[in-house]
Amino acid sequence: MTQVVTLSAPNAQDCVALAEIELCGELMIAAADALEDRLSPDRIDEVLNVGADCAEPAPTIPRQVRHRG
C-alpha cells in the first residue's frame, strides 16, 4: 500500500524557515556578484534591508550572536 503525505497549511515555523531560506538566497546572490572575497557588514545589512525604512516590515528572524573570545 502506498502512503500519501498531505501538506497542511503553513504554520509559523514554516514561514520563518521560508524567510530564512529567502534571506540566504539573497546573500548568496550578493556574494556571487561581489568583486571582493567577502561581503562587508554594511553590504550584508544592505542586502538584508537591515535598518531600511520600508512600508512593509520584514519578518522578524532570530539571529545568532557570535561570541568572540
Side-chain angles (χ1 to χ4, degrees):
M1 178 177 223
T2 303
Q3 287 185 320
V4 177
V5 177
T6 57
L7 299 176
S8 61
N11 60 31
Q13 290 176 340
D14 292 339
C15 293
V16 170
L18 290 172
E20 289 176 347
I21 291 167
E22 185 175 345
L23 292 174
C24 288
E26 293 295 325
L27 286 172
M28 286 189 279
I29 292 168
D33 290 341
L35 298 176
E36 60 275 356
D37 288 338
R38 296 179 147 203
L39 295 177
S40 69
D42 289 336
R43 178 65 180 132
I44 293 170
D45 287 348
E46 180 183 333
V47 170
L48 299 179
N49 292 320
V50 174
D53 292 331
C54 55
E56 186 176 316
T60 302
I61 297 175
R63 295 184 184 254
Q64 294 180 349
V65 177
R66 273 185 113 167
H67 295 285
R68 295 183 180 184

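For the numbers below, each heavy atom of this structure counts, side chains included, while hydrogens, waters and symmetry mates do not. By convention here, the first residue in the shown sequence is residue 1.
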Check: Is Val47 reachable from Val50 through a run of hydrophobic residues whose side-chain heavy atoms are each under 4.5 Å from the next?
Finding: yes
Next item on the list: Could you tell me the separation between the CG atom of Leu39 and the CD atom of Glu46, rounded to the nearest 0.5 Å?
Entry: 10.0 Å
Note to self: How about CD on Glu36, more than 12 heavy atoms from neighbouring residues, nucleotides or ligands closer than 6.0 Å, or not?
What the structure shows: yes
Note to self: Could you measure the distance from the CG atom of Asn49 to the CG atom of Leu23? Nearest 0.5 Å is fine.
What the structure shows: 9.0 Å
Check: To the nearest 0.5 Å, what is the distance between CG (Leu18) and CD (Glu20)?
Finding: 9.5 Å
Next item on the list: Mind checking the CG-CD spacing from Leu48 to Glu22? Nearest 0.5 Å is all I need.
Entry: 10.5 Å
